[in-house]
There are 2 protein chains.
Amino acid sequence: MTRPALNVSERLTAPPVVAVSTVIFALQPPVGQPTGADASTGTSSLWLPLVRRTREPFRDAWALPGGPLAWDQSLDETARSTLHAATGLAPRYLEQLYTFGGTERSASDLRVVTVAYWALIALANRTPLSPIENVAWFPADSLPLLAFDHADIVTVAQNRLRAKAGYADVAVRFLGEEFTLSELRRVHDAVLGTRSDPANFRRRMLGSGRLEPTGATRREGPHRPARCYRFVEPAGSDLLERPAHELSDEPPGPSPDHSPTTDRKRDPA
Amino acid sequence: MTRPALNVSERLTAPPVVAVSTVIFALQPPVGQPTGADASTGTSSLWLPLVRRTREPFRDAWALPGGPLAWDQSLDETARSTLHAATGLAPRYLEQLYTFGGTERSASDLRVVTVAYWALIALANRTPLSPIENVAWFPADSLPLLAFDHADIVTVAQNRLRAKAGYADVAVRFLGEEFTLSELRRVHDAVLGTRSDPANFRRRMLGSGRLEPTGATRREGPHRPARCYRFVEPAGSDLLERPAHELSDEPPGPSPDHSPTTDRKRDPA
DNA sequence: CGAATAGTGTCTGTCAGACATTATACA
DNA sequence: TGTATAATGTCTGACAGACACTATTCG
């Protein structure tokens, strides 16, 4: 895990260090954060935890949670363990994002290759997160100056999050096992910064075949209670045994102009 | 670039080596390959170059072109230079794919983290590629057994290629600057393994606003000549100055059920 | 002229957004 | 009863696939 001390010219030509950094998204931070954001606009917003650096370079600057790749851990494992160290939580979603390996990345003379991950965590239980040393939560749209090129990494992560929210079940990861369509819609809108029509959102979600009513209902105001749903894998997807990245990372998308096997269905009879 | 020789236990705990491997796709390989695929079905198909290993582990097995990350090269640069070494060509498209860093990846005891790329190259000029030592082209759907986990990497790359072909300008990269709609459609279908309706494909492509007629036409058979087009960035995209991965890697996709700023357009007058 | 592809027009089914309407809870 | 949201239904416009039809070139 340690390597012998090197002088400057040795560091410059030494093999690069591999590190893992993770952009961790959550909706609505735990209570009482010393950040100056709107705490009561009603719409929830994206927040993420940062770690204050205690060493040069960029000492005292904020940085993404992360750390070096240990020789006996996979990249995913490293992301999970550093995530846990920074938040005390396990992610409900974790995906590799991009690997940054430019030669000009670091202010130091030690070459670092950073494998970036992004993660979603649920803050359903309002346990205010055991306050962890040197960790603070910030709204994703007003971050402090970040160390290294971590601001770029956050930008890429936010783009990925928004893109995936459009077609994947990403929004579900912010919620508990059971949720109402309104809750799901609010998450969806918070991530994308939009305001969907409740009726159309309902129709689309139910029509997607990925939601299943649990039978439970939830009362939350002076109005009719809402049915609860859970997320289910669409029928047939269990045939494929997908190891995270093995299958397409991409959406079904605007389907190409063909039926998969045959065109021209009508017989020219 | 070199590191001192280590014994086995030292290798096990040494910092991981960073390597770059690239899946290079082309349509229709150069002439006369000793591979047993259908060479005359009329539909072009995807091929990719592999390199025969000359060292253990996996000596004599086929592997993706690639090599170690040099201390003075970025990941992209390394991908490009190893790609050039294997094909003698420059890619028309190059994108980082995924980083593989499991602890069980290699049969050797030296931990390797591989940053995988995928690339597209055009073989418009039928120059049969200066035959390069230990390099051969294979049809993407009938590859030999590959070293390491390179078969997984190819699978991921093919999924990404197919997914991107659905919405991005990927198909264009296989062609020259100027092309007819039929050529574009054939590429599109070869990548996706489909047969599109020419009329609908034309309408969709022209409607996308990303094609611009060059004025030229091309005669290629006993029929009306075809107009030529070039690919253009859609209007307004030049405002954004996008450095490859900074912006969304994802499709516009099935747009969320909202107009970006306001819902409910009709006035209840 | 016949064959073959380039290119156009049209019909139809699907689906998303807009929005009216009914249902049900609480104060 | 008033209000707020849940849930359903309907209309419309956009768009993709199917496919008939016209245009143009070569042999």
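Predicted model, so just to flag it, every value in this text is computed and none were measured. Residue numbers begin at 1 in each chain, while the letters A, B, ... track the order of the sequences.
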(request) From the options C:dA6, D:dA7, C:dA25, select the nucleotide whose nearest atom is closest to the side chain of B:R202. (result) C:dA6

(request) To the nearest Å, give me how far apart CG (A:L211) and P (D:dA7) are. (result) 12 Å

(message) The side chain of A:P222 is closest to which nucleotide in this list: C:dA6, C:dC26, D:dT5?
(response) C:dC26

(request) Scan B:R203 against the nucleic acid and name what it touches under 4.0 Å (heavy atoms): base, sugar-phosphate only, or nothing. (result) base

(message) Between A:W118 and A:Y93 (judged by ring centroids, cut-off 6.0 Å), do the two rings come close enough to count as a pair?
(response) yes

(message) Rounded to whole Å, how long is the line connecting atom CD of A:E220 with atom P of D:dA7?
(response) 12 Å

(message) My understanding is that only one of A:F174, A:Y229, A:F179, A:F231 makes a side-chain contact (heavy atoms from CB on, under 4.5 Å) with A:L184; could you say which?
(response) A:F179

(request) Identify, with sequence neighbours excluded, every residue that meets salt bridge (Lys or Arg N to Asp or Glu O under 4.0 Å) alongside B:E177. (result) none

(message) Can you see if the side chain of A:R227 gets near the phosphate of D:dT8 - specifically, an N or O under 4.0 Å from OP1 or OP2?
(response) yes

(message) Rounded to whole Å, how long is the line connecting atom CG of A:L206 with atom P of D:dA6?
(response) 13 Å

(message) Could you tell me how far apart B:N200 (CG) and C:dG9 (P) are, to the nearest whole angstrom?
(response) 14 Å

(request) Report the distance from atom CZ of A:R219 to atom C1' of C:dA23, rounded to the nearest whole Å. (result) 17 Å

(message) Tell me the interatomic distance from A:R218, atom CZ, to D:dA7, atom C1', rounded to whole angstroms.
(response) 17 Å

(message) Which residue in the set A:E178, A:R230, A:R227 passes side chain to side chain donor-acceptor pair (under 3.5 Å) when paired with A:T214?
(response) A:E178

(request) Ignoring backbone atoms, test whether B:R204 places a side-chain nitrogen or oxygen under 4.0 Å from the OP1 or OP2 oxygen of D:dA16. (result) no

(request) For B:E183, check side chain to side chain donor-acceptor pair (under 3.5 Å) against everything at least two apart and list the hits. (result) B:R218

(message) With nearest nucleotide decided by heavy atoms, which residue, B:G221 or A:R185, maps closer to the 5′ end of DNA chain D?
(response) A:R185

(request) May I have the distance from B:F201 (atom CZ) to C:dA6 (atom P), rounded to whole angstrom? (result) 12 Å

(message) For a quick check of understanding: with a heavy-atom distance under 4.0 Å over all strands, which category does A:T180 fall into, base, sugar-phosphate or nothing?
(response) nothing

(request) Map A:H223 and B:R224 onto DNA chain C by nearest heavy atom, then report which one ends up closer to the 5' terminus. (result) B:R224

(request) Find the distance A:E183:CD to D:dA6:C1' and express it as a whole number of Å. (result) 13 Å

